[in-house]
Amino acid sequence: MRVVIIGPPGAGKSTQAERLARERNLPRISTGDVLREAIKTSTPLGLKAKPTVEQGQLVDDATMIAIVRDRLRQPDTVRGFVLDGFPRTRAQAEALDAIVAERDNGPLIVVNIVVPHDELARRLTTRRICSRCGADADPFDGDAARCKRCGGELIQRIDDNAETVRKRLKVYEQETRPLLDYYSPRPTFHVVNGAYPPERVAEEVAATLDSAAARARFRQSHQC
Ligand code: AMP
């Protein structure tokens, strides 16, 4: 199963992608995590991407496409993958189609998580992540000082301050929302309401994917 989770910043893509990947035993590939790790360890990629990420802008397409192309050529992605944070531009989406076409093992299933704009800004500016493992803290556990998983200190992401959040939401509208026109005509495009608590959204994502898989099997067996 090859799944792409798209949606605006704060929609809950990482939470859902992580859960889905765990439940279906697939690798989760988060381009945001790749960049944050590179920034944390000051690799050449991290040094190059840091100002862009801090300003809430998008890292250039060529860099991001190369990262994802390399990752999707790893053997653990043969059974499938869950992509989180990529694609974010039309050029990235077209490149992803070309990469996926190299291996003919099923369609790309696109799940778009939708959440009202005001709620996105609220979630992002109050969100905290673990400084050690990078996991999002449970938003319903507001007083926790430490990560539930590894005990690391909880901090605000470098790009979750109010000004950068405004910029990221604007960049989403300009650069990433147009992807909906690219993907929505496909029968493998699905919309999930992300305004509910994560467990309920996860149930909807799972149900959506299961019925998509059942429909694909039906189409295949009837060759239509
Ligand atoms: P995320 O964790 O997905 O919200 O990503 C955090 C930041 O990393 C974004 O605001 C961008 O600066 C950068 N980034 C992550 N994925 C991409 C991508 N596919 N294209 C360009 N920039 C990206």
Side-chain angles (χ1 to χ4, degrees), residues 3-21 27-72 81-100 108 110-113 115 117 119-131 133-137 139 155-180 182-183 194:
V3 185
V4 173
I5 311 261
I6 61 171
K13 296 187 295 296
S14 295
T15 305
Q16 296 305 326
E18 205 181 327
R19 192 168 176 146
L20 185 66
R28 163 183 167 249
I29 301 163
S30 156
T31 46
D33 279 1
V34 170
L35 293 172
R36 274 185 292 281
E37 185 58 27
I39 292 170
K40 200 164 134 188
T41 50
S42 298
T43 64
L45 168 68
L47 294 173
K48 185 174 126 187
K50 189 168 189 257
T52 312
V53 172
E54 277 179 353
Q55 285 160 25
Q57 303 290 349
L58 295 185
V59 174
D60 66 280
D61 285 336
T63 301
M64 298 314 299
I65 290 167
I67 291 172
V68 170
R69 182 180 291 122
D70 284 354
R71 183 63 187 87
L72 291 183
F81 52 79
V82 182
L83 254 181
D84 160 17
F86 185 98
R88 265 176 151 99
T89 64
R90 173 120 187 179
Q92 293 180 13
E94 286 171 355
L96 179 61
D97 278 341
I99 296 166
V100 162
L108 198 62
V110 181
V111 177
N112 178 38
I113 305 184
V115 172
H117 185 278
E119 171 66 4
L120 294 171
R122 190 196 64 75
R123 285 185 188 181
L124 289 166
T125 49
T126 57
R127 165 167 78 176
R128 287 171 313 148
I129 62 162
C130 174
S131 58
C133 72
D136 277 12
I155 54 165
Q156 188 173 52
R157 248 172 67 164
I158 50 172
D159 53 353
D160 274 349
N161 60 78
E163 195 196 328
T164 312
V165 162
R166 262 196 304 280
K167 232 184 267 168
R168 286 165 59 205
L169 290 171
K170 205 166 146 197
V171 167
Y172 169 79
E173 291 300 327
Q174 288 168 348
E175 307 278 347
T176 309
R177 190 184 277 283
L179 281 187
L180 300 183
Y182 183 75
Y183 283 130

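Since the structure is predicted, the reported quantities are computational estimates derived from the model, not experimental observations. Whatever order the structure lists ligands and atoms in, that order sets their numbers, starting from 1.
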Under 4.0 Å to a heavy atom of [X] - the qualifying atoms of ligand 1, by number:
{"X": "Gln92", "value": "18 (C), 19 (N), 20 (N), 21 (C)"}
{"X": "Arg36", "value": "2 (O), 6 (C)"}
{"X": "Arg157", "value": "1 (P), 2 (O), 4 (O), 5 (O), 6 (C)"}
{"X": "Thr31", "value": "15 (C), 16 (N), 17 (C), 19 (N)"}

Worksheet item: Who's the nearest protein heavy-atom neighbour of atom 13 (C) of ligand 1, and how far?
Response: Leu35 CD1, 3.4 Å
Discussion item. Which residue and atom name correspond to the protein heavy atom nearest atom 22 (N) of ligand 1, and how close is it?
Written reply: Val59 N, 3.1 Å
At under 4.0 Å between heavy atoms, which part of [X] makes contact with ligand 1: side chain, backbone, both or neither?
{"X": "Lys13", "value": "neither"}
{"X": "Asp159", "value": "side chain"}
{"X": "Lys50", "value": "neither"}
{"X": "Leu58", "value": "both"}

Practice prompt. Please round to the nearest 0.5 Å and tell me the distance separating atom CE of Met64 and atom CG of Asp61.
Written response: 9.0 Å
Worksheet item: Charged N to carboxylate O below 4.0 Å: is that the case for Glu119 and Arg122?
Response: yes
Item to complete: Output yes when Arg168 and Asp160 qualify as a salt bridge under the 4.0 Å nitrogen-oxygen rule, no when they do not.
Response: yes
Practice prompt. Could you check if a side-chain atom of Asp33 sits within less than 4.5 angstrom of a side-chain atom of Leu35, using non-hydrogen atoms only?
Written response: no
Discussion item. Here's a test for you: under salt bridge (charged side-chain N to carboxylate O under 4.0 Å, His left out), which of Arg19, Arg28, Lys13 qualifies with Asp84?
Written reply: Arg28
Fill in: Heavy atoms of other groups near Lys167 NZ, more than 12 under 6.0 Å
yes
Discussion item. Taking NZ in Lys40 as the centre, count heavy atoms belonging to other residues, nucleotides or ligands within less than 6.0 Å. Is the count above 12?
Written reply: yes
Fill in: Polar proximity ligand 1 side, Gln57 side, N/O cut 3.5 Å exclusive
yes
Practice prompt. Out of Gln55, Glu54, Arg88, indicate the one that has the non-hydrogen atom closest to atom 18 (C) of ligand 1.
Written response: Arg88
Item to complete: Indicate the atoms forming the closest heavy-atom contact of Ala121 with Val165, along with that distance.
Response: CA-CG1, 4.2 Å
